[in-house]
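Only a predicted model underlies this, so the values are computations on that prediction, with no experimental measurement involved. Chain identifiers are assigned alphabetically (A, B, ...) following the order of the sequence lines, protein sequences preceding nucleic acid strands; residue numbering begins at 1 within each chain.
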Amino acid sequence: MTTTTWRDGKRSLWPLGLLVPTLPFMAWGLVAATGQGLFWWWGPFFAFALLPLLDTFVGADRGNPPEDAVPLLEQDRYYRWCTYLYLPLQYVSLVLACWLWTAGDLSGPDKLGLALTIGVVGGIAINTAHELGHKKDEHERWLAKVALAQTGYGHFFLEHNRGHHVRVATPEDPASSRLGESFWAFLPRTVVGSLRSAWELQKSASAREGRSLWSVRNDVLNAWAMTLVLWAVLLGVFGVAVLPYLVVQAVFGFSLLEAVNYLEHYGLLRQRTGDRYERTAPRHSWNSNNTASNVLLYHLQRHSDHHANPTRRYQSLRHMDEAPQLPSGYGTMIVLAYVTPLWRRVMDPRVVAHYGGDVTRANLHPSKRAAYLARYAPAVLEDAA
Amino acid sequence: MKIWRCQQCGYEYDEAQGWPEDGIAPGTPWEDVPDDWSCPDCGAAKSDFDMVLVAA
């Protein structure tokens with residue numbers, strides 16, 4: 001195949017990612033059309049019910065661009081606009097929600113449903129910020145911070161690039177989940193750990209550059225300042241009544257991102273070689289080729305290639321045969337992650353199989369170590385016999 | 001001798017030190033580091049990942 005004959009089969013699909021920041025508008029329209037307040041919950045319904053259904057029926061795509069097509073694909077600005085446009089839509093939706101929360105027509109449950117719908121927009125905006133924050137272009141990195149302002153997760157930008165990408169699939173990484181660790185145990189550990197990590201990374205960066213920690217060049221503080229300004233303006237315009245909903249959408253939004261973190265490296269471990277960990281390889285990330293969720297999440301599910309080539313743009317990310325595969329797309333897997341027994345039933349055997357039955361090679365959650373060794377050790381003996 | 005920094009994670013490759021763990025001898029200039037070599041800290045590829053000159 002050559003550059004001239006290859007065409008990106010997903011090219012015309014990428015603008016569909018912009019459906020996500022319009023979910024609140026869809027909710028508004030559906031409520032108006034049907035009179036059913038239940039549709040204010042459209043965002044979570046879309047993410048946890050429709051998307052899994054779409055993944056099941058649309059299926060998977062393992063297609064990769066040929067290497068000689070990649071330089072042109074990377075330069076094509078059309079793909080960038082598909083991500084940039086997320087931001088204006090995201091913030092128009094947020095303003096709409098603030099207006100709806102205070103206009104006086106919505107019941108309590110309606111307002112909560114709308115807050116979760118806005119939370120889905122803010123949570124997936126962290127994915128958009130992730131795509132932009134890895135780029136070398138200063139403007140794109142700035143846009144990443146803007147996208148993070150809604151959820152107050154500005155520190156993610158620094159922690160993810162300099163922390164997570166270095167410590168991925170090791171027990172030291174707050175954003176890599178361990179075998180036996182439930183999502184509900186992982187959530188506080190990653191939220192607190194990532195915050196601490198971001199601050200430590202900024203501290204050493206400031207020291208290296210000979211700058212005060214308390215400066216506008218502090219990437220944690222300047223990103224948080226955007227949240228402060230945004231929320232202050234919204235509170236100023238719509239009143240303090242929007243504050244509880246802003247908090248709910250932010251917490252739900254960043255928890256959605258952390259659910260994605262949870263499933264990307266569950267149980268996977270880089271082995272130690274001397275005093276270092278082995279290099280990050282495709283076998284250290286879970287992947288999925290489900291087309292529907294890949295289109296909505298800019299190929300985030302082709303996660304192994306992302307770690308190997310973090311500045312590579314989403315349209316060029318490749319499926320890798322040697323990478324472990326999730327049984328479904330992120331939409332379905334997040335629902336499983338919320339229900340710990342289901343998650344363990346589906347994922348634990350896959351982690352154990354990935355390590356050829358030897359759980360000691362997995363990233364084992366310390367408090368579950370004994371239980372998992374007892375549970376999976378006999379299987380190894382049986383196999384051996 | 002120059003130092004090159006990984007834009008992704010901040011790792012620094014010092015030509016004077018090389019990276020003997022991967023058989024890259026001290027004094028190896030950046031051009032002679034194999035194209036399939038990747039950042040020892042974050043795994044970012046050399047080809048995909050421009051290392052920027054931080055000191056000469």
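A:Glu131 pairs by the salt bridge (Lys or Arg N to Asp or Glu O under 4.0 Å) definition with A:Lys135, not counting sequence neighbours.
Residues from residues 274-289 of chain A that place a non-hydrogen atom less than 4.5 Å from a non-hydrogen atom of chain B comprise A:Arg276, A:Arg279, A:Thr280, given in numerical order. Residues of residues 160-168 of chain A lying within less than 4.5 angstrom of chain B, judged on heavy atoms, are A:Asn161, A:Arg162, A:His165, A:Val166 in numerical order. The contact list for residues 189-212 of chain A toward chain B, using heavy atoms and a distance under 4.5 Å, reads A:Arg208 by residue number.
Residue-environment remark: CH2 (A:Trp224) exceeds the threshold of 12 foreign heavy atoms within 6.0 Å.
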